[in-house]
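Labels below follow one simple rule: chain letters A, B, ... track the order of the sequence lines, proteins then strands, and each chain is numbered from 1.
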Amino acid sequence: MDLKKFKLIGINYFKNNTVEVARNLLDCYLITDKKGVICGGRIVETEAYLGFEDKASHASVGPTRRNSVMFGPAGYGYVYLIYGLHCCFNIVCEKKDVPGAVLIRAIEPEIGVDIMKKRRGKEKSLDLTSGPAKLTQALGITLKDNGKLLQQNGVLIMKRNNSRPRALCSGSRIGITKSIELNYRFYIKDSEFVS
DNA sequence: TTTCCGATTGGCT
DNA sequence: GCCAATCGGAAAC
């Protein structure tokens, strides 16, 4: 797979305000290279999770074994198991000791689509990456990626050259019961893959 | 150590 | 639209 059309986004990009990073990640590409097997697509839905004041965030209870990565330096993957079944993938933001992470909720499958179909056991494009646990399965992201620095584990964030601007929206986050008043969900309005 | 429950998904009514 | 699957983190006891 030829990634010449793409430019790698460096780790410094994430040493920033989490909400801002969540918004800026829309329209970037999430691409995995697992043992030379490359797949990915355009990010169309993200959510920001902060610290103590954000009661929906795992970090709201202070540092624990599970969430410790969120308190570490930016650019690391925070991957956790949800409902005992599924993995969700986040990118840690902010400086060390300031908790914050961006959950990637949906991408538009574009690169290595056949690989993703195989990993998912689904044929329809809409079933591949239209949800946080679907896309981790499609991209081969697992709990082993928790606490790993991006790029070093073959998880890449890239920007496509000359990509057309699309309308962005924000709103309340999905699947949570606390801090629902915070509009930390960001998505591309016209994408079919938004959950 | 016991209990409760979740940043979801997919199958069935 | 409803609900089971399935398990480990966090808090209660």
Side-chain angles (χ1 to χ4, degrees), chain A residues 14 17-26 28 30 32 41 43-72 74-94 98-109 116-148 150 155 157 168-188 191-195:
Chain A
F14 306 108
N17 175 287
T18 306
V19 172
E20 207 169 299
V21 175
R23 196 187 296 110
N24 288 341
L25 277 174
L26 291 179
C28 290
L30 173 61
T32 58
I43 297 170
V44 292
E45 183 179 6
T46 63
E47 286 176 358
Y49 286 88
L50 311 186
F52 181 72
E53 72 285 3
D54 177 4
K55 299 303 179 193
S57 172
H58 292 166
S60 67
V61 295
T64 64
R65 169 104 118 256
R66 175 173 62 161
N67 69 20
S68 63
V69 180
M70 283 185 75
F71 289 80
Y76 285 76
Y78 171 48
V79 184
Y80 65 90
L81 192 67
I82 185 67
Y83 294 101
L85 299 164
H86 310 293
C87 294
C88 293
F89 172 69
N90 301 251
I91 301 172
V92 175
C93 299
E94 313 272 357
V98 179
V102 175
L103 171 70
I104 310 296
R105 285 195 61 88
I107 70 173
E108 293 178 339
M116 295 195 279
K117 285 181 179 174
K118 204 167 173 182
R119 284 189 177 136
R120 288 278 299 136
K122 304 272 181 184
E123 274 305 310
K124 279 188 285 186
S125 171
L126 266 178
D127 290 332
L128 299 181
T129 56
S130 57
K134 297 179 193 174
L135 69 89
T136 54
Q137 191 182 23
L139 295 177
I141 294 173
T142 68
L143 289 177
K144 287 184 184 169
D145 292 296
N146 186 44
K148 298 277 164 59
L150 298 194
V155 177
I157 298 293
L168 311 184
C169 288
S170 64
S172 185
R173 292 169 292 180
I174 304 287
I176 57 163
T177 54
K178 300 170 189 167
S179 294
I180 55 172
E181 73 284 2
L182 299 173
N183 291 330
Y184 289 166
R185 172 171 177 256
F186 302 96
Y187 57 99
I188 289 179
S191 177
E192 297 177 287
F193 293 86
V194 169
S195 57

Could you spell out the base pairing of DNA chain C in dot-bracket, with Watson-Crick or G-U pairs whose two distances are under 3.5 Å, [ ] crossing and | to another strand? |||||.||||||.

What's the closest nucleotide to the A:K122 side chain, out of B:dG10, C:dG8, B:dT8? B:dG10

Looking only at atom P, what distance separates B:dT13 and C:dA5, rounded to whole Å? 14 Å

The nucleotide from B:dT8, B:dA7, C:dG9 with an atom nearest the side chain of A:Y49 is B:dA7

Determine the contact category for A:A56: base if any of its heavy atoms lies under 4.0 Å from a base atom, sugar-phosphate if only primed atoms, P, OP1 or OP2 are that close, otherwise nothing. base

Nearest whole angstrom, please: distance from the C1' of B:dT8 to the CD of A:E47. 12 Å

Quickly work out the A:H86 NE2 to C:dA5 P distance and round it to whole Å. 13 Å

By nearest atom, which of the nucleotides C:dA5, B:dT8, C:dA11 is closest to the A:L85 side chain? C:dA5

Check whether any side-chain heavy atom of A:E47 sits under 4.5 Å from a side-chain heavy atom of A:I174, and report yes or no. yes

Scan A:R185 against the nucleic acid and name what it touches under 4.0 Å (heavy atoms): base, sugar-phosphate only, or nothing. nothing

When the distance from CZ of A:F186 to P of B:dA7 is rounded to whole Å, what number comes out? 18 Å

Look at the side chain of A:I82 and decide which nucleotide, out of B:dA7, C:dA11, B:dT9, has an atom nearest to it. B:dA7

Does a side chain donor of either A:R119 or A:Q137 reach within less than 3.5 Å of an acceptor in the other side chain? no

Spacing of the P atoms in C:dA11 and B:dA7 (rounded, Å): 13 Å

What's A:I176 touching, base or sugar-phosphate or nothing? Going by heavy atoms closer than 4.0 Å. sugar-phosphate

Stepwise side chain to side chain contact (heavy atoms under 4.5 Å, CB included) check, A:T46 with A:L103: CA-CA 6 Å; A:T46 63; A:L103 171 70; over 6 Å; no

Donor-acceptor pair, side chain of A:S195 and main chain of A:G131, under 3.5 angstrom: no

Would you indicate which nucleotide in C:dT6, B:dA7, C:dA10 comes nearest to any side-chain atom of A:R66? C:dA10

Check this one for me: any side-chain N or O of A:H58 less than 4.0 Å away from OP1 or OP2 of C:dG9? no

Separation of C:dA10 atom C1' from A:L81 atom CG, nearest Å, is 15 Å

Starting from P on B:dT8, measure out to CD1 on A:I174 and report it in whole angstrom. 8 Å

Could you tell me if the side chain of A:I91 sits less than 4.5 Å from the side chain of A:L25, heavy atoms only? yes

For C:dA5, is there a stacking contact with A:Y83, counting only centres under 5.5 Å and planes under 30°? no

In this structure, how many angstroms lie between the C1' atom of B:dT9 and the CZ atom of A:R105, rounded? 12 Å

Between P of B:dT9 and CD of A:Q137, the distance in whole Å: 10 Å

Distance between C1' atoms of C:dC3 and B:dC5 (Å, rounded): 15 Å

Check whether A:D54 reaches the backbone of A:S60 with its side chain - one donor and one acceptor, N or O, closer than 3.5 Å. no

Could you check whether any side-chain heavy atom of A:T32 comes within less than 4.5 Å of a side-chain heavy atom of A:D145, counting everything from C-beta outward? no

What is the distance from CG of A:L182 to P of B:dA7, rounded to the nearest Å? 14 Å

Measure across A:N183 and A:S170 and return the closest heavy-atom pair with its distance rounded to 0.1 Å. O-CB, 4.4 Å

As a test of reading the structure: which of C:dA10, B:dT8, B:dA7 is closest to the side chain of A:N67, going by heavy atoms? C:dA10

